[in-house]
Enquirer: 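Sending over a structure as structure tokens; questions will come in a sec.
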Amino acid sequence: MTLRLILRRPDDMHLHLRDGAMLQGVLPESARHFARALVMPNLVPPVVTAAQATAYLARIMAALPEGAAFRPLMTLYLTEDTDPDDVAAAAASGLVTAVKLYPAGATTNSHGGVRDMARVSAVLDRMAEIDLPLCLHGEVTTPEVDIFDREAVFLDTVLDPLRRSHPALRIVMEHITTSQAVAWVRAQGPQVAATITTHHLILNRNHLLVGGIRPHYYCLPVAKREEHRAALVAAATSGEACFFLGTDSAPHVDALKENACGCAGCFTAPNTMALLAHVFENQGRLDRLEAFTSLQGANYYRLAPNEARITLVRHDTPLAQPDQIFTEAGPVTVFNPGFPVHWQVEP
Ligand code: NCD
Ligand code: ZN
């Protein structure tokens, strides 16, 4: 028997579209299923100013396939030199939906990020005033802190003080990976939310490291123990308004992933919806998939839910999965969940 599930078109509230040939190659993969995506600003050079966001938005629109109904929601990359007036103008014109904070050195192209939170305090005050959310990469970068502990330490040393100093600021903790982050987000008020990726609902650190290192499973924050993955699945399928989808689909060409110093990022845009259906079905919670992918994120960002629909179909026999997509920048491996996939978005 084939099962069919009709959902409002989903929104991806954390996506890397890159630029140039890579943008051209990966954008159709998101536009096929998603109505909107919050586009990360960690290009080289980063998207810091409203003028840069305007130019990047134009490049994305130019790369969209004919007839695609897809709206990029732009973000600005917060630096210690960010001008509060520029941010406020970008928000007032509707150009940007959020500002992204990368602790300097935390992840791909984050060297221009924030070293000292005190130096962005004025921008954060202004954002609280105009109700513009701050998205943050929640890991400390202190070399002494073990990479598996970096998110949990960030909660105590950065987020708690930030909540106290800027209680009205709306904060999205991006791509959470630990039970501590799940508990922390739950304990905050409606100003605070978290995105959860598709791959962190599937991977634990054994998948990354047992039986040989799997470079295509390496992402930041790095996958944690199984108990943390289970806490993320419970949060994503809970129906709680503070948890929603941000795939963090982060393409890198294979040559840079399969490398002595491989880049961080999983490319999940092509099969995210099918994999999420699998995860939610396993929990007996297909009834909450739409809330996670299409309602709770839109609500948090004060956007109307999408009116268009997609149909997910469950086939009795597993479907062949795409191994790679081919871009002018080079081949990019599609995330392989390591289990048979029965779900498909109806073309
Ligand atoms: C992202 C990238 O490649 O831009 N990588 C990743 O592993 N998630 C950056 C990020 O979101 O940390
Ligand atoms: Zn990301």
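Note that ligands are numbered from 1 as they come in the structure, with each ligand's atoms numbered from 1 the same way.
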Enquirer: Looking only at protein heavy atoms, identify the closest one to atom 5 (N) of ligand 1 and say how far it is in Å.
Expert: Ala264 O, 3.1 Å
Enquirer: Check all N, O or S atoms of Asp248 and name the one closest to the Zn ion (ligand 2).
Expert: OD1
Enquirer: Has Ser30 got a side-chain atom pairing as donor or acceptor with Leu27's backbone, closer than 3.5 angstrom?
Expert: no
Enquirer: Return the closest protein heavy atom for atom 8 (N) of ligand 1 as residue, atom name and distance.
Expert: Asp248 OD2, 2.7 Å
Enquirer: Within the structure, is a non-hydrogen atom of Glu174 found at a distance of less than 4.0 Å from ligand 1?
Expert: no
Enquirer: Just let me know how His14 lines up against ligand 1, side chain, backbone, both or neither, with a heavy-atom cut-off below 4.0 Å.
Expert: side chain
Enquirer: State the atoms of ligand 1, each with its element, that fall below the 4.0 Å cut-off from a heavy-atom position in His137.
Expert: 12 (O)
Enquirer: Could you tell me whether any N, O or S atom belonging to Glu174 is less than 2.8 Å from the Zn ion (ligand 2)?
Expert: no
Enquirer: If you count the non-hydrogen atoms of other residues, nucleotides and ligands that lie under 6.0 Å from CD1 in Ile213, is the total more than 12?
Expert: no
Enquirer: Any donor-acceptor pair under 3.5 Å linking the side-chain atoms of Thr49 with those of Asp86?
Expert: no
Enquirer: For Cys219, counting its heavy atoms only, list the atoms of ligand 1 lying under 4.0 Å from any of them.
Expert: 7 (O)
Enquirer: Carefully, step by step, assess Asp12 and Thr247 under the rule side-chain hydrogen bond (donor to acceptor under 3.5 Å, both in side chains).
Expert: CA-CA 6 Å; Asp12 183 350; Thr247 66; 2.5 Å; yes
Enquirer: Taking the six-membered ring for Trp, are His199 and Phe335 parallel (under 30°), tilted (30 to 60°) or perpendicular (over 60°)?
Expert: tilted
Enquirer: Side chain, backbone, both or neither: which applies to Met40 and ligand 1 if a contact is any heavy-atom pair less than 4.0 Å apart?
Expert: neither
Enquirer: Flag Gly265 as yes when one of its N or O atoms lies below 3.5 Å from any N or O atom of ligand 1, and as no otherwise.
Expert: yes
Enquirer: Does any donor atom in the side chain of Gln321 or Asn336 lie under 3.5 Å from an acceptor atom in the other side chain?
Expert: no
Enquirer: Test His216 against Glu258 for side-chain hydrogen bond (donor to acceptor under 3.5 Å, both in side chains), laying out the working first.
Expert: CA-CA 8 Å; His216 295 289; Glu258 299 165 9; 2.6 Å; yes
Enquirer: Do any N/O/S atoms of His16 come under 2.8 Å of the Zn ion (ligand 2)?
Expert: yes
Enquirer: Measure centre to centre between the rings of Tyr77 and Tyr102, then say whether the value is under 6.0 Å.
Expert: yes
Enquirer: To the nearest 0.1 Å, how far is atom 7 (O) of ligand 1 from its closest protein heavy atom, and which atom is that?
Expert: Leu220 N, 2.8 Å
Enquirer: If I take every N, O or S atom of His175, is at least one of them less than 2.8 Å from the Zn ion (ligand 2)?
Expert: no
Enquirer: Are any of the N/O atoms in Arg18 less than 3.5 Å from those in ligand 1?
Expert: yes
Enquirer: So which heavy atom in the protein is nearest atom 1 (C) of ligand 1, and how far is it from that ligand atom?
Expert: His16 NE2, 3.6 Å
Enquirer: Select one of side chain, backbone, both or neither to describe which atoms of Asn109 lie under 4.0 Å from any atom of ligand 1, heavy atoms only.
Expert: neither
Enquirer: So is Thr108 polar-close to ligand 1, meaning N/O to N/O under 3.5 Å?
Expert: yes
Enquirer: Take the angle between the ring planes of His278 and Phe339 and call it parallel below 30°, perpendicular above 60°, tilted in between.
Expert: parallel
Enquirer: Quick check with a 6.0 Å cut-off and a 45 degree axis cone: is Arg205 positioned over the face of Tyr217's six-membered ring?
Expert: no
Enquirer: Above 12 or not: heavy atoms from other molecules or residues under 6.0 Å from CZ of Arg225?
Expert: no
Enquirer: Between His137 and His175, what is the ring plane arrangement, given parallel below 30°, perpendicular above 60°, and tilted in between?
Expert: perpendicular
Enquirer: Distance to 0.1 Å, residue and atom name: give those for the protein heavy atom nearest to atom 9 (C) of ligand 1.
Expert: Thr107 OG1, 3.2 Å
Enquirer: As an exercise, identify every atom of ligand 1 less than 4.0 angstrom from a heavy atom of Ala250.
Expert: 1 (C), 2 (C), 3 (O), 5 (N)
